[in-house]
Amino acid sequence: MSTETELSTPTMETQKPTVEIQSAVIRFAGDSGDGMQLTGTQFTNTTAVFGNDISTLPDFPAEIRAPAGSLPGVSGFQINFGSQEIRTPGDRPDVLVAMNPAALKVNLADLVEGGTVIVNEDSFQASNLDKAGYESNPLDDGSLEGYRVIRIPLTTLTLNAIKDTGLDRKQGQRCKNFFALGVVYWMYDRPLDHTLNWIQSKFGRNPAVLEANTAALKHGFNYAETTEIFTTHYSIRKASLAPGKYRNLTGNQAIALGAVTAMEKSGRELFYGSYPITPASEILQELSRYKKFGVKTFQAEDEIAAIGAALGASFAGGIGLTGTSGPGVALKGEFIGLAVMTELPLVIVNIQRGGPSTGLPTKTEQSDLFQAIYGRNGECPVPVIAACSPGDCFWSVLEAFRIAMKYMTPVMLLSDGYLANGSEPWRIPSLEDLPDLSFPNATDQDTFQPYARDEKTLSRPWAIPGTPGLEHRIGGLEKQHLTGNVSYDPQNHDNMVRLRAKKVAGIAQDIPPTEIYGDPEGDALIVGWGGTRGAITSATEQLRAKGLAVSSIHIRHINPLPPDLTDIFSRFKKVFVAEINLGQLWTYLRATLLLDSISINQVRGKPFMIQEIMKKVEEQL
Amino acid sequence: MSTETELSTPTMETQKPTVEIQSAVIRFAGDSGDGMQLTGTQFTNTTAVFGNDISTLPDFPAEIRAPAGSLPGVSGFQINFGSQEIRTPGDRPDVLVAMNPAALKVNLADLVEGGTVIVNEDSFQASNLDKAGYESNPLDDGSLEGYRVIRIPLTTLTLNAIKDTGLDRKQGQRCKNFFALGVVYWMYDRPLDHTLNWIQSKFGRNPAVLEANTAALKHGFNYAETTEIFTTHYSIRKASLAPGKYRNLTGNQAIALGAVTAMEKSGRELFYGSYPITPASEILQELSRYKKFGVKTFQAEDEIAAIGAALGASFAGGIGLTGTSGPGVALKGEFIGLAVMTELPLVIVNIQRGGPSTGLPTKTEQSDLFQAIYGRNGECPVPVIAACSPGDCFWSVLEAFRIAMKYMTPVMLLSDGYLANGSEPWRIPSLEDLPDLSFPNATDQDTFQPYARDEKTLSRPWAIPGTPGLEHRIGGLEKQHLTGNVSYDPQNHDNMVRLRAKKVAGIAQDIPPTEIYGDPEGDALIVGWGGTRGAITSATEQLRAKGLAVSSIHIRHINPLPPDLTDIFSRFKKVFVAEINLGQLWTYLRATLLLDSISINQVRGKPFMIQEIMKKVEEQL
Amino acid sequence: MKLKGIQMTANQSSEMIDLKLDRKDFVSDQEVRWCPGCGDYSILAQMQKMVPNLGVPRENFVFISGIGCSSRFPYYMNTYGFHSIHGRAPAVATGVKLANPDLKVFVVTGDGDGLSIGGNHLIHAIRRNVDLNIILFNNRIYGLTKGQFSPTSEMGKKTKSTPYGSIDNPINPLCVAIAAEATFVARAIDIDTKHLGETLERAANHRGTSFVEVYQNCNIFNDGAFNDFTERTKRADQVLYLEDGKPMRFGKDLEKGIAIQGFSPEVVEIGENYSIEDLLIHNESLSEPTLAYLLTRLHFPEFPVPVGVFRNVEKPEYSDLCRDQIHAAQEKEGKGNLEKLLNSGDTWTVS
Amino acid sequence: MKLKGIQMTANQSSEMIDLKLDRKDFVSDQEVRWCPGCGDYSILAQMQKMVPNLGVPRENFVFISGIGCSSRFPYYMNTYGFHSIHGRAPAVATGVKLANPDLKVFVVTGDGDGLSIGGNHLIHAIRRNVDLNIILFNNRIYGLTKGQFSPTSEMGKKTKSTPYGSIDNPINPLCVAIAAEATFVARAIDIDTKHLGETLERAANHRGTSFVEVYQNCNIFNDGAFNDFTERTKRADQVLYLEDGKPMRFGKDLEKGIAIQGFSPEVVEIGENYSIEDLLIHNESLSEPTLAYLLTRLHFPEFPVPVGVFRNVEKPEYSDLCRDQIHAAQEKEGKGNLEKLLNSGDTWTVS
Ligand SMILES: Cc1ncc(C[n+]2csc(CCOP(=O)(O)OP(=O)(O)O)c2C)c(N)n1
Ligand SMILES: Cc1ncc(C[n+]2csc(CCOP(=O)(O)OP(=O)(O)O)c2C)c(N)n1
Ligand code: SF4
Ligand code: SF4
Ligand SMILES: [Mg+2]
Ligand SMILES: [Mg+2]
């Protein structure tokens, strides 16, 4: 830590009273240039290490940097943290930190009634108000009545705090997010050391910036402690998470970790072919850092080449992985078909975002389910699974590889923008807890037939180039059963189409019984998939707390579906299917199980609010 | 006609007795180099002009030219013709013309019991038998017992017939298909003049070939008349088709004609962007001949560019059309999404073929229905319609353009390999019978808003570049209601997603009541879509003839579905859905209407046999 | 096939008319959303300033783009515009131009959009010589997706997706354009505004595909990528302004030049050993593009960076050829008659 | 980034060992299904004859293709093979090579497969210098889809899809390869079998992407496309066989040659006005490709058609770079440890 600073490190023993609460939701919002994602991440990590359960939701604009002060330029980061299980980033923030008028304008409506707004008073001058479309200053015109408004001249105070560091005004101003963070740390009784360490390691080579950020953070904390604005601060006990070692992970980080794990557990080299696209790019960026593991990453010229190279790598004996979002999957369909025909292991990750077309590229959505299940020419069955929380992305990618290798098939893994960027504490598994990944390795020259099948899994053998005596040719034309030669025989085609379908349907044998949250029977069952699990479970919990006979299940295996669903559905009077689209799982369940259910849906580029789900269910009970 | 020939043109008054029959099915089969497609087409046209109803099924190999004499090199052409309504190319041929052993081997199993085989005796020597995998000569080893076998030394006779024309043996041999055609013309009492005229116009500039083909045809006819092999020939009366002028059309020709018609009836220029692919290439080839109509055809660098250019043309005020088959559609998904977001009129034709992947490129299948309805990222509704006979392709493309322009939307039109290459007599409509195609043309500068909507259709206005004062920008990002500006507003997105869905759902208002073949209620309803109509209707007819209470309907509008389906289904005890895939419409009807029905399916790259459908229905009644 | 020469089109003849348009007529009502300091602003400004000079009515302009920071360009031009999908703008633009050859069609693309996912469409538009004005904003980075390397990024470059340095050999956009038989190829620099404006104008006046690479600074993810030669003080010594028919000279006092030895260009000082006569003379309109190709191979810092028009030749334009073919068919065969068409082929009547 | 020189790989060092493979070891059990007389047969025969010379064990060969008549090639080679999808073979091959750099990877493609739908993948594989041997069968037509024009078809060509003649300017595959920074570029003729075999062998021995265009007759849909210069009797006068370090001579008695005037090549007669010393000397390994580029511009019938190796230079190979980067990281940082990785970052323990 910088020795030049003369500030004393604040201790946790402050003078003001502390009120204990169970959880809180904070949203940091400001201009894209204000560093809100960084601020949010710092708060998250501090809170995670402190021991609370957390869930986060970053929310950033599609433009790199919209004009400063404009509404489209607002960037936000929400965190829900508490001493009990936290499953969503929170419906509505208790505290809104608004660095400028635009941030206030965009976010105020979400704040709980009576919530706290912390604003950077300095930024509420005419030009900014104008850019945000305010006709008068909301700090003065009474429009914030009903909220607790804390006006802090953040810019001025920050500039004061850093005046000895040698930074000029422009550079100095940039530290105001740390000042704000200091204030919020005080409010929630968080230690500063995690962030101080981070500043140290990040800016170690730039002493002036190091010192300035350190000073801003500490001054912020001290300002809150000293001034009269704040009377109490809040403490939130550590959460009672399952014992173990934890770290905080976003969904995309989890996918990268899971993929490296799959490589280590299968002994096959990981090849990641990808083309940058929001919100999947971080997977490429993460994996490209794991050179020492021997991970090969390939930034291809487009999504087609990305999956093509991954499939080539699988043919050559690696495990091919390709990640993208919906528009990228649109380009990969033809290659997925080839992977189905050639029966090679391949995992395709779709980090769903708002569609159709370019849609809302930085927002979350669950509207690529149809595409995942049905979006190819011909009878082209592909197993589909969906991750349900940031940390679960790790387990899902392992499961995807397990299926891909055991059944020799491409597998589609669905995540979404919310999971990808959101984070939660993740219990680090020990290596022994991880499944081994096995595959039907062809070795015997004498008996080898490229399209002979394992009796149980129906998978064909994987014969890897470089193996003497197993030379063979595959491709996209229909294959003759056993030999794998090209065959135009009508009956063979009919057989092969059914065999491929049967192989994928047979994966159901591996699916564990569906876990039911709540009682195994009742008045209503809420069904979900993907990133909505937290919201659905919380809604169920709260509905049950009201005395309603509601349970919920979350479907991870989408194709094939778990075999026990029909049985479960039959035990509930009504079934609700909640999802962020116009009812795609709902439709699919009708199609596959003839299930008559009620769709709960919204397509606003945002996760569900718990209240939304509750309301829809209550209306119909 | 050549004056040098000394043969007399055979007259229709032959000496042998004539037996009148109602219909017959003939299959011409030979090596790819034997000209079987040409032979079949000649027979078809002669028969069509003669006045029978007909239906044809060409069937050719995926290889350009597999090794001469090999099984994969066999090319076939089947025609069903009769004096009553003919709806399919026939389940099984009554007569098989086999030009070599391979053709016999591949096709014999399809022949009706007791059917006639006409073989080119000359080709049954060791080398050819070997290539076809015969261990002994089937003409001699008794394996053709149960058939009427007519052995003709076609090669020898043809060489005799053409010896005065100056052609050498190799060239001369090529005429043997005309000799065979002459024989079959005699058998079915057909006039030669249509084919003679054709030979004349085709080979007019090459007198030796002209004369040789003419001679071969006439000699064939005379041979049949003269020799003792044939005792009777058959006559089939003219069919009682609806009055009008007719021509014979394949499905792909019909699409081209329909597209030109759409252009003339809408007053908008037709732009066809495509990339060659089986079985859609003929549409490009046909349309490229219509320069004098002002049709613009663009052979793009790939399917993506093809649809991109078509969409660009639509933006610029033309009517964009793009055609391909399943693997091509796989590449067009992203652009279809853009068309949905920009709400421009565009028709995408998919001539379905055997899948998945490259699959069986020259065979027919109906397995791209899922892709058509669901195969895009995001909530991306696209109207889907399907043509149900070769001639209906004309009407379907008109309907597709009608919807595309009225509702400002991309439309997917499904055809298949069977419709594309098969043909039937088509009643030529008079211009007045054709619908006018209208569209919401933006003209008024003062009120123009790019995303304002017509109240009834919900379509936005088409503002065409070059129009002063209507300058505006569109694209793939979510649009603000009315203004069309980019909008990241959550609620606007939800609204727009629902508006687009509602617009497409609203097309149902235009769908006429579903026609029921048979009674409006009963024990069983067979439901079909696309190219299976003929087989389903015939099966229904024959089941009814057996006294079963079976009816059938055929769905042309697939998204949205006709509004009266649920009502119709409720009037039948059982509903069957027959299709050439693993049950895609069946699944879709479950999903949309919660319909519990029975799937009849096969995936053999071939149309249904009437018997197949009948058997499946009877089993369950 | 007979290829007709280039025709006077509606656009070209209207150049005579003063349409009284000026820069602000081309400023749309949309707020510009690039990062402050981004090189894109300057290109936009030059474009808005230049287009009124073309004598084309505003409603005949269409700007088409793919996806990327640069591809948001059409929103800011008060013309018809289409922000399409990633890499595919040349395809959309080809359709627009073929459907209505009277439109003045611009394509705005980036180094990722145009050379990575869209490389093939670019090449094919160029080889067909469709009358498009393609402006490729080359910032040697993926801006919109926040900083991955692009096909023009230097080997060894550390970016978000290559923390150990890129191992991909970069591609030279102008080489590719020339290999695709481009009829007009040029290069300009975002901050050299006057030259940029002139280059854009010359490109716009070329009938056929014109391809302009603009070095554009992305001050967020690849700041200063071109500073070594684009900074005002360095330009004279590090940039070679190509001028048709003129010897290739550069330097503050034009004291240096490019000479050639066999196929190897070299930088020479004019003075004792070399005179102006020894220098290469630029010739834009050589029918064979070898000289233009050679110029694209002058790499900084061994050579100054050539900017300006590398190649500018006349060849039949695609939408003209398409239209001509239709007219020729109509002249020869008569205009199409639908009734006749429907009734063509072998027909028979049932009564 | 440090780029290591080209390494001796398993393949290269095994060249010393005689694996006792011969032609028939590379003939698969699949019946060859091209039209009788198709030029593809000859290329297949030369390939089967050549590969045993490479000293590579049979199981290390992989043939990858797209879709087209030519793309059925892998079925006939008794090696590992992948008949992928249209245009995408270079992408698949790149994945194969990266996953296992010891494999000897061939890409077989056609003028449609490689230059139309697949043009971009081709360029990007070439610019990365992935060790692929790309053989492009150029028959100037789409064979498999029965006769539409291709990107190499001549302007004005009448085909099934252009009954009034094509209006598309053809593309020159070698120009495109060179523009994509190719390290090895060659051309051969299907029926000039000896030269074809030699060219394929040189290509196969190049580490990095080698790109060979083979003029291939499609006797069904474009018969005789190259007859004017490929027929045995015409070759001496109409074909220029490039030989490294040698003057460019041709003609029955080598009486003609190629000289250069400025940037314009010309055909000269050796004799009174010109001597052999005046002729251009071929040099495959110039680091700048301008000469190779110029040679690709020699068009028949003004010039003889150059065949042989146009360019052959050494540059770091992609899969080597990829492997080296991994090794360097492992040397510097130690091999990856999964347990450590999972436990990295900020962690805390709940007990
Ligand atoms: C099919 C598809 N793949 C990927 C993306 C993500 N994407 C958007 S822009 C872009 C690259 C932008 O780079 P460039 O073209 O150089 O433009 P710049 O932002 O630098 O101006 C990428 C990869 C996308 N929108 N669509
Ligand atoms: C996505 C897709 N589009 C189109 C096709 C149809 N197709 C197959 S091969 C081919 C072109 C073949 O031409 P070329 O590459 O020159 O090979 P050739 O047959 O001449 O050897 C086309 C268009 C396809 N198989 N897949
Ligand atoms: S990210 Fe770079 S290219 Fe994009 S707007 Fe910002 S400065 Fe410009
Ligand atoms: S169509 Fe042409 S290229 Fe294809 S196999 Fe036949 S001759 Fe060869
Ligand atoms: Mg860029
Ligand atoms: Mg070809």
Side-chain angles (χ1 to χ4, degrees), chain B residues 45 48-51 194 238 240-248 257 260-261 264 269 271 273 290-294 296 298 300-302 304-306 308-318 320 334-335 338 342 428-429 431 465-477 485-486, chain C residues 28 30 57-65 67 74-75 77-100 102-103 120-121 123-124 322-323 325-326 328-330 332-339 341-351:
Chain B
N45 290 345
V49 175
F50 175 78
H194 179 272
K238 291 185 192 222
S240 53
L241 298 170
K245 197 158 159 201
Y246 283 80
R247 63 187 286 196
N248 193 33
L257 277 192
V260 177
T261 305
E264 297 275 320
E269 222 175 58
F271 180 94
Y290 300 150
K291 291 261 175 294
K292 65 178 166 190
F293 286 87
K296 289 174 179 164
F298 174 58
E301 58 272 24
D302 63 15
I304 299 177
L311 186 63
S314 289
F315 176 62
E334 199 190 358
F335 255 123
L338 182 65
T342 55
I428 300 169
L431 291 194
T467 318
L470 303 189
E471 291 86 356
H472 67 287
R473 276 72 49 193
I474 58 175
L477 287 162
N485 290 335
V486 172
Chain C
S28 84
Q30 297 298 295
R58 188 175 65 184
E59 64 271 17
N60 280 1
F61 282 97
V62 182
F63 279 79
I64 298 172
S65 63
I67 303 285
Y75 291 122
M77 295 293 302
N78 190 13
T79 62
Y80 286 93
F82 202 154
H83 180 214
S84 73
I85 51 178
H86 196 32
R88 320 297 178 188
V92 176
T94 298
V96 168
K97 184 74 194 178
L98 282 175
N100 184 353
D102 292 333
L103 297 175
N120 204 39
H121 306 301
I123 290 173
H124 284 273
C322 174
R323 202 159 38 173
Q325 215 171 38
I326 285 172
Q330 289 174 334
K332 206 171 142 196
E333 307 163 28
K335 282 218 174 179
N337 174 310
L338 181 62
E339 180 137 33
L341 177 69
L342 295 180
N343 286 276
S344 63
D346 291 323
T347 63
W348 67 97
T349 303
V350 174
S351 49

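Labels below follow one simple rule: chain letters A, B, ... track the order of the sequence lines, proteins then strands, and each chain is numbered from 1.
Chain C forms the most heavy-atom pairs under 4.5 Å with one residue out of B:Ala305, B:Gly476, B:Ala306, and that residue is B:Ala305. With respect to chain B, the highest number of heavy-atom pairs below 4.5 Å among C:Pro74, C:Pro90, C:Gly87 belongs to C:Pro74. Per-residue heavy-atom pair counts under 4.5 Å with chain B were compared for C:Ser344, C:Gly334, C:Gly336, and the maximum is reached by C:Gly336. Each of C:Glu333, C:His121, C:Lys335 has some count of heavy-atom pairs under 4.5 Å with chain B, and the biggest count is that of C:His121. The residue among B:Lys296, B:Glu269, B:Lys238, B:Glu264 with the most heavy atom pairs within less than 4.5 Å of chain C is B:Lys296. Contact tally against chain C (heavy-atom pairs below 4.5 Å) for B:Gly312, B:Pro465, B:Gly308: the top residue is B:Pro465. Counting heavy-atom pairs under 4.5 Å between each of C:Ala91, C:Ala89, C:Gly81, C:Cys322 and chain B puts C:Gly81 at the top. Of the listed residues (B:Glu334, B:His472, B:Glu471), the greatest number of heavy-atom pairs within a distance under 4.5 Å of chain C belongs to B:Glu471. Counting heavy-atom pairs under 4.5 Å between each of C:Ile123, C:Thr94, C:Leu98, C:Asn100 and chain B puts C:Leu98 at the top. With respect to chain C, the highest number of heavy-atom pairs below 4.5 Å among B:Gly244, B:Gly51, B:Gly475, B:Gly318 belongs to B:Gly244.
Looking at B:Tyr290, the atoms closer than 4.5 Å to chain C (heavy atoms on both sides) all sit in the side chain, from C-beta outward. Of the two parts of C:Ser65, neither the backbone nor the side chain holds a non-hydrogen atom closer than 4.5 Å to a non-hydrogen atom of chain B. For B:Thr342, the part lying under 4.5 angstrom from a heavy atom of chain C is the side chain only. Residue contact with chain C, scored on non-hydrogen atoms closer than 4.5 Å, involves the backbone and the side chain of B:Ala48 alike.
C:Asn343 has its side chain within reach of B:Lys245: a pair of non-hydrogen atoms, C-beta onward, lies under 4.5 Å apart. Here the side chains of B:Asn248 and C:Thr347 are not in contact, with every heavy-atom distance at 4.5 Å or above. B:Leu338 is listed as a side-chain neighbour of B:Leu311, based on a closest heavy-atom distance under 4.5 Å. In this structure the side chain of B:Tyr246 never reaches within 4.5 angstrom of the side chain of B:Ile428, judged on heavy atoms. With a 4.5 Å cut-off on side-chain heavy atoms, C:Leu342 and B:Leu257 count as touching. Side chains of B:Ile474 and B:Phe315 form a contact here, defined as non-hydrogen atoms less than 4.5 Å apart.
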message: Go through it in stages, so that I can follow the logic: the residues are C:Gln330 and B:Lys291, the test is side-chain contact (heavy atoms from CB on, under 4.5 Å), and I'd like the CA-CA distance, side-chain angles, deciding distance and then a yes or no.
response: CA-CA 7 Å; C:Gln330 289 174 334; B:Lys291 291 261 175 294; over 6 Å; no

- request: Could you walk me through whether C:Tyr80 and C:Val96 pass the side-chain contact (heavy atoms from CB on, under 4.5 Å) test, one step at a time?
  value: CA-CA 11 Å; C:Tyr80 286 93; C:Val96 168; over 6 Å; no

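Within the 3.5 Å criterion, the main-chain N or O of C:Ser28 finds no donor-acceptor partner in the side chain of C:Gln30.
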